[in-house]
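The next block holds one structure in the form of C-alpha cells; read it before the comments.
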Amino acid sequence: MSQQLSEQELVRRESLKKLRDLGINPYPQALYPVNALSKDIKANYEEGKKVIIAGRLMSRRIQGKASFAELQDSEGRIQVYFNRDEICPGDDSTLYNEVYKKLLDIGDFVGIEGVLFKTQVGEISVRVTNFSLLSKSLKPLPLPKTDSEGKVHDAFTDPEQRYRQRYADLVVNPHVKDVFVKRTRLFNAMREFFNTRGYMEVETPVLQPIPGGAAARPFVTHHNALDIPLYMRIANELYLKRLIVGGFEGVYEFSKNFRNEGMDRTHNPEFTAMEIYVAYKDYHWMMEFTEQLLEHCALAVNGTTKATFDGKEIDFKAPYNRVTMRQSIIDFTGFDIAGKSEEELKSWCIQNGIEVDDTMGKGKLIDEIFGEKCEGNYIQPTFIIDYPKEMSPLCKEHRDDPSLTERFELMVCGKEIANAYTELNDPIDQKERFEHQLELAQKGDVEATEFIDYDFLRALEYGMPPTSGLGIGIDRLVMFLTNNPSIQEVLFFPQMKPEKQGLILSDAEKTILDIVKSKSKIDLSELKNAAGLSGKQWDKGMKGLNKNGLIRVEMEGDQKYCVLQD
RNA sequence: GACUUGGUAGCUCAGCUGGUAGAGCAUAUCACUUUUAAUGAUAGGGUCCUGGGUUCGAGCCCCAGCCAGGUCACCA
C-alpha cells in the first residue's frame, strides 16, 4: 500500500538512505548509556562535568561551523552546542557538515556525550564531544515556538489532531504531559492513603454475566466457548461487596467501567472509578474518610489543597459542609419535601417549571427538584446527604426515617464526584429492592436496573458485616485538580470516531487508472499492454480497482472493455 | 438529538462582491565558530474535508454528507 508523502517526508526518507550509505544505522540495536537528565543537569550544574544524555532534537540554530540545538528528554529540554572542530578533529568534517547539519532532523532521537558549560548569555548547555543517531524521525512534528517573552507561537492546539495523535501532543505540549503526570500522582496518593490504613487493592471481573451496581446501558459481547452473552462492567460494587462477605475488611479497586451511552465533554464510553468498601463503618465515618482522602490527594497532586476550576477557586481542605437533601431544597426553593405525597411533589414541579412524566415516583421527583434547583449551587466541596429510598436500591434505609437512605454525594463546582452509602446488607430487603427496580424497568424507567443478581443475593444471605462504600469518579476529580473542563483532556486516548480513510491506491492501481481515465473506455488487452505491468501486478491492480468501484469490465461480444466507473 | 462554529502547505492561520491561492514557522540550497522565536539571501511545496448544484468561471454562493469543537437537551 502506498501513501502520498509530503515533500518533507520524502526528504527525510532520502536522508535515511544517505545515512545508511554512510554506514550509519538509523535504528541501532545497542543500549545507549544515558547517565543524566536535562532537569538534573540544570538543577545541579557543575561546570565541566561530563554527561551522556539522550532525547529528541527539538530545535536547531545553525551558524556555520557552530550550532545550538535543543534536546528534549522525559524531564524537559536542554541546550546542546555542536562545534565542527570539536566533533571532527581531523580533515574529514562529514560528521558535522553532512550528518549533523543535513541528515538529522527535528524529532530525531540522538544520544550525546558532552561537557557542561554556560554560554555567553548564561544558558546551561552541553558541549558535544560525540553524538550518535538513536532513531530517525520520518514525520515532521508540529512545531510550536516560544519567544523571548514566553509567548507560544504556532501552538499545536487543534483538539481533533491532539486527541487522535496524542503522541505528538505529548511531545510538543509539556502542559499536556503535566496533566497526565498529575493523574498518576492522584492514583499513587490514593493508593498510599488506602494502603497505609490496611485496605487491600483487588481486581474484579470486567466481563460480567450480569451488569450490576449501577443503572446504565452496558456494552454486550459474546463468549464463544461458553456461548453466552457477557457484559462489560458498568460498576464493580457488587463484586467488592462479595469480598467483604468473604472476610476482607477493606477492599478497593480502580475500576475501568464501560457505559454504552452518549459522549460529550464529560462522558467517555470508558472511564475510571475508584470504589472502596470498609466493614463495620457507616456513611458518617465515610464522610470524614472522604474529606481527608481528598485533602491528601489535592496536596499530593498540586502541593496545595486549593484548586482552580472554571475560574472558581475550590478548596479541598477538610471538613466539608453537610447538607441534607431536604434542607438543600428548602434552602434554594423554600419548599419542604418532608411528608409530601407523590401528587403534591408533582404539582410543585409543574408549577416551578420542572418537566415530569408518569414514570416518575417520589424519589425521582425529588431528585429532579434537587438537580434543577440546588445541585449547581455547590461550588465548594459539599456533602449532600440522606437521599430518597427509591433511587438508591443498594443503600441501607436511614436509621431515623424509613423513606430515606444513608447516602451521600459529594458535590464540587455543581458536579457530583463521589457517591457513598451505608451499604444495604439485609438480603431480604435487598431482594425486594431489586424486584422493585425490575418493576420500574418493566414500566419503562430506563434508569432502573433490569437484572437481578441472584448470586449477589446468595452472598448477602451468608451475611455481610455492616459496611460503608464509596465511589469516586477519578476522571472528574482529575479534571477538577488540573482545571480541565473536558474529560478528553484527562484521558490519554479519548474515544473518537474512526478517522476517514481516504481512498489509497497502489502504484499498479494508479497506473491502470490513469490510462483508463485518459480513454474512459479501452480494450482490455490494449490496456494491459499500455500499463506494462507484470502479470501479478496487473491482476492485483485490476482487482483492487474493481473492488473500490472505480472501473468495470464489460463484454461486447468477444471483446472485453475496461470502463471508467463514476 | 437540536443549534452553532470550524476543516486552505508539515504546523499556526490569512484570503477578495465569485476571476490564476498568501504569510510566518518548517523544508531545500548558500553564507555565518557562544546563539536562543538566531540572522541574511534564494527556491520548492496545495485533491482549499468529500460529493453534487448554480455560474463563462467556486476555496468563497446553494444542497447533501463526513470529522471535530462549543452550547443546550438527554444521561450519572
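Donor-acceptor pairing under 3.5 Å, judged by distance alone, is absent between the side chain of A:E160 and the base of B:G69. Side-chain atoms of A:E123 and base atoms of B:U36 include a donor and an acceptor less than 3.5 Å apart. The base of B:U36 is not paired with the side chain of A:R60 by any donor and acceptor separated by under 3.5 Å. Between the side chain of A:D154 and the base of B:G24, a donor-acceptor pair under 3.5 Å is found.
Under the 6.0 Å distance and 45° angle rule, A:R84 does not count as a cation-pi partner of A:Y96. Figure legend: cation-pi geometry between A:R217 and A:F258 absent, as NZ or CZ is not positioned both under 6.0 Å from the six-membered ring centre and within 45° of its axis. Geometrically, A:R127 engages A:F117 in a cation-pi contact defined by less than 6.0 Å to the ring centre and at most 45° from the axis.
Contact of the A:E253 side chain with the A:M274 side chain is not registered, since no non-hydrogen atoms from C-beta on lie closer than 4.5 Å.
OP1 and OP2 of B:U39 both lie 4.0 Å or more from every side-chain N or O belonging to A:Q63. Distances shorter than 4.0 Å separate none of the side-chain N or O atoms of A:K101 from OP1 or OP2 on B:U29. Taking side-chain N and O atoms only, A:K145 has a distance below 4.0 Å to OP1 or OP2 of B:A26.
When the P atom is compared between B:C48 and B:C30, the two are found 33 Å apart, to the nearest whole Å. When the P atom is compared between B:C56 and B:G65, the two are found 28 Å apart, to the nearest whole Å. For the P atom pair drawn from B:U8 and B:C13, the interatomic distance equals 9 Å after rounding to whole Å. To the nearest whole angstrom, the two P atoms, one in B:A43 and one in B:G24, are 12 Å apart. Nucleotides B:U17 and B:C60 place their P atoms 15 Å apart, quoted to the nearest Å. Straight-line distance between the C1' atoms of B:G53 and B:U71: roughly 32 Å, to the nearest whole Å. B:G51 and B:U36 have their P atoms separated by 47 Å, with the value rounded to a whole Å. Taking atom C1' in both B:G1 and B:U54, the straight-line distance is 32 Å, to the nearest Å.
Distances from the side chain of A:Q8 to the nucleotides B:U12, B:U27, B:A76 place B:U27 closest. With distances taken from any side-chain atom of A:H153 to the nucleotides B:U27, B:U12, B:A37, the minimum falls on B:A37. The side chain of A:D264 lies closest to B:C74, out of B:C74, B:C11, B:C13. Relative to the side chain of A:V11, the nucleotides B:U27, B:U35, B:G69 differ in distance, and B:U27 lies closest. Considering only side-chain atoms of A:S486, the nucleotide from B:C67, B:A37, B:G70 that sits closest is B:G70. Comparing B:C75, B:C11, B:U36 by their closest approach to the side chain of A:Q161 singles out B:C11. Between B:U71, B:C32, B:U35, one nucleotide has an atom nearer to the side chain of A:R61 than all others, and that is B:U35. Each of B:A28, B:G44, B:C11 was ranked by its minimum atom distance to the side chain of A:D105; first place goes to B:A28. Nearest to the side-chain atoms of A:T119 among the listed nucleotides B:G44, B:U12, B:U36 stands B:U36. Among the nucleotides B:U71, B:U35, B:C75, the one closest to the side chain of A:E261 is B:C75.
Base pairing annotation: B:A64 forms a Watson-Crick or G-U wobble pair with B:U50, both donor-acceptor distances under 3.5 Å. For B:A38, there is no paired nucleotide, since no Watson-Crick or G-U wobble pair has both relevant distances below 3.5 Å. Pairing of B:C11, defined by two Watson-Crick or G-U wobble distances under 3.5 Å, is identified with B:G24. In this structure B:C3 sits in a base pair with B:G70, meeting the Watson-Crick or G-U test at under 3.5 Å.
At most 12 non-hydrogen atoms from other residues, nucleotides or ligands lie less than 6.0 angstrom from CD of A:E355. At most 12 heavy atoms of other shown residues, nucleotides or ligands fall within 6.0 angstrom of atom CZ in A:R326.
The separation between A:L5 atom CG and B:U27 atom C1' is 15 Å, rounded to whole Å. What separates CG of A:L143 from P of B:A38 is a distance of 9 Å, to the nearest Å. Spacing between atom CG of A:L141 and atom P of B:U12 amounts to 13 Å, rounded to whole angstrom units. Note: CZ (A:R162) to P (B:C11) measures 15 Å, nearest angstrom. Between the C1' atom of B:U36 and the CD1 atom of A:I124 lies a distance of 15 Å, rounded to the nearest Å. Here B:U36 presents its C1' atom at 14 Å from CD1 of A:I62, a figure rounded to the nearest Å. Atoms CD (A:E9) and P (B:A9) sit 13 Å apart, rounded to a whole Å. Atom CD of A:E70 and atom P of B:A38 are 8 Å apart (whole Å).
In this view, A:K136 and A:D105, A:D108 satisfy the side-chain hydrogen bond (donor to acceptor under 3.5 Å, both in side chains) rule, not counting sequence neighbours. In this structure, A:R20 has no side-chain hydrogen bond (donor to acceptor under 3.5 Å, both in side chains) partners at least two apart in sequence or on a different chain.
Positionally, the nearest nucleotide of RNA chain B for A:F156 lies more toward the 5' end than for the other of A:E375 and A:F156. Mapping A:I106 and A:Y387 onto RNA chain B via the closest heavy atom, the residue that lands nearer the 5' end is A:I106.
Using a 4.0 Å heavy-atom criterion, one finds that A:Q79 contacts the bases of the nucleic acid, with or without backbone contacts as well. Among the heavy atoms of the strands, none lies under 4.0 Å from A:V172. Among the heavy atoms of the strands, none lies under 4.0 Å from A:N419. Residue contacts shown for A:Q165 are absent, as no nucleic acid heavy atom lies under 4.0 Å away. Using a 4.0 Å heavy-atom distance criterion, A:Y163 is classed as a sugar-phosphate-only contact. Residue-level contact check: A:R12 touches neither bases nor backbone, having no heavy atom under 4.0 Å from any strand. Residue contacts shown for A:K151 are absent, as no nucleic acid heavy atom lies under 4.0 Å away.
With salt bridges taken as basic N to acidic carboxylate O contacts below 4.0 Å, none links A:E390 and A:K364.
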